[in-house]
Amino acid sequence: MSDQLKTRLIQIGLEQALVDEILNNGRLMKVRQDMPLISPGMKAEAMPMVISGTLRIMREDEEGNEIFLYYLEGGEACAMSISCCMNNMMSQFKAVAESDAELWMVPMGLIDQWMAKYQSFRKFIIDSYQERFDELMQMIDSIAFMNMDERLMKYLLDKKQSTASFEIEKTHQQIATELNTSRVVISRLLKKLEKEEKIELHRNRIEVL
DNA sequence: ACATTAAGTGATT
DNA sequence: AATCACTTAATGT
């Protein structure tokens with residue numbers, strides 16, 4: 001398992017000494033599907049790096065309305081958690097395990113040191129920050145400028161990509177909740193997509209063509 | 001066979 | 001695009 005992480009970290013371009021430090025100082029955390037990792041208002045004490053599985057990152061308001069932002073997949077780090085920790089702030093995000101997942105939790109205290117000590121780590125963090133930022137911008141675009149049917153299609157394609165599978169095992173209600181709309185709307189749009197032969201509908205399952 | 005949950009649909013705002 | 005009200009279909013007990 002930690003071999004898997006090790007090769008991944010080296011692939012990313014981190015030097016051996018740093019990889020060793022990461023391996024020696026983090027801890028493994030296994031999460032089961034649908035387990036919440038963090039909610040707004042909580043404080044993160046470690047930065048998660050995804051070894052396997054995927055995390056779903058969402059925004060959530062006080063009433064429990066939520067909106068899907070992006071997925072974190074194998075090899076990616078939740079760089080956003082750094083900003084909230086460094087400034088001793090509360091999390092602005094909600095993270096849930098989209099599938100069973102293995103995470104490598106790196107204590108925040110070390111992030112600072114490593115950024116100073118290893119230029120490869122600084123680059124890694126800045127790059128992943130950039131990626132998250134880009135995804136957030138995409139999400140703003142899609143919420144502000146796209147119609148619900150385009151948003152839904154984007155959602156389906158995102159999901160397909162993140163799981164490398166054409167099968168999406170979710171109910172219309174779950175999708176509606178993540179996109180912060182109603183089930184009826186999703187059902188109708190999905191039906192339309194099915195007529196356009198972009199997807200196939202089954203109970204609890206959607207097949208992207 | 002019956003109850004429960006998911007999905008489909010017309011009508012209205 | 002949201003909501004209501006209702007139907008139909010799939011699944012669990």
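Below, chains carry the letters A, B, ... as their sequence lines are ordered, and counting in each starts from 1.
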Expressed in angstrom and rounded to an integer, what is the separation of [X] atom [atom1] from [N] atom [atom2]?
X: A/Ile175; N: C/dA1; atom1: CD1; atom2: P; value: 16 Å
X: A/Glu194; N: B/dA7; atom1: CD; atom2: P; value: 12 Å
X: A/Glu169; N: B/dT5; atom1: CD; atom2: C1'; value: 17 Å
X: A/Leu193; N: B/dG8; atom1: CG; atom2: P; value: 12 Å
X: A/Lys192; N: C/dA1; atom1: NZ; atom2: C1'; value: 12 Å
X: A/Lys195; N: B/dA7; atom1: NZ; atom2: P; value: 16 Å
X: A/Lys191; N: C/dA9; atom1: NZ; atom2: P; value: 11 Å
X: A/Arg188; N: B/dA7; atom1: CZ; atom2: P; value: 15 Å

- request: Could you check A/Gln113, A/Glu21, A/Lys123 and say which one makes a side-chain hydrogen bond (donor to acceptor under 3.5 Å, both in side chains) with A/Tyr118?
  value: A/Glu21
message: Less than 6.0 angstrom from the centroid, inside 45 degrees of the normal: does A/Arg56 satisfy that with respect to the ring of A/Tyr71?
response: no
- prompt: Reckon A/His172 has a side-chain N or O less than 4.0 Å from the OP1 or OP2 of B/dG8?
  reply: yes
- request: Check whether any side-chain N or O of A/Ser182 sits under 4.0 Å from OP1 or OP2 of C/dA1, and answer yes or no.
  value: no
Nearest listed nucleotide, side chain of [X], among [options]:
X: A/Thr171; options: C/dA1, B/dA6, B/dG8; result: B/dA6
X: A/Met148; options: C/dT11, C/dA1, B/dT9; result: C/dA1
X: A/Leu189; options: C/dA9, C/dA1, C/dC4; result: C/dA1
X: A/Asn204; options: B/dG8, B/dA6, C/dA1; result: B/dA6

query: At under 4.0 Å between heavy atoms, what does A/Leu190 touch on the DNA or RNA strands: base, sugar-phosphate, or nothing?
result: nothing
- prompt: Could a donor-acceptor pair under 3.5 angstrom be found where the side chain of A/Arg203 meets the base of B/dT5?
  reply: yes
- request: Please check if atom CD in A/Gln16 has more than 12 non-hydrogen atoms from other residues, nucleotides or ligands closer than 6.0 Å.
  value: yes
Under 3.5 Å: donor-acceptor pair, side chain of A/Ser52, backbone of A/Ala101: no
message: Return the CG to CD distance between A/Leu18 and A/Gln119, rounded to the nearest 0.5 Å.
response: 9.5 Å
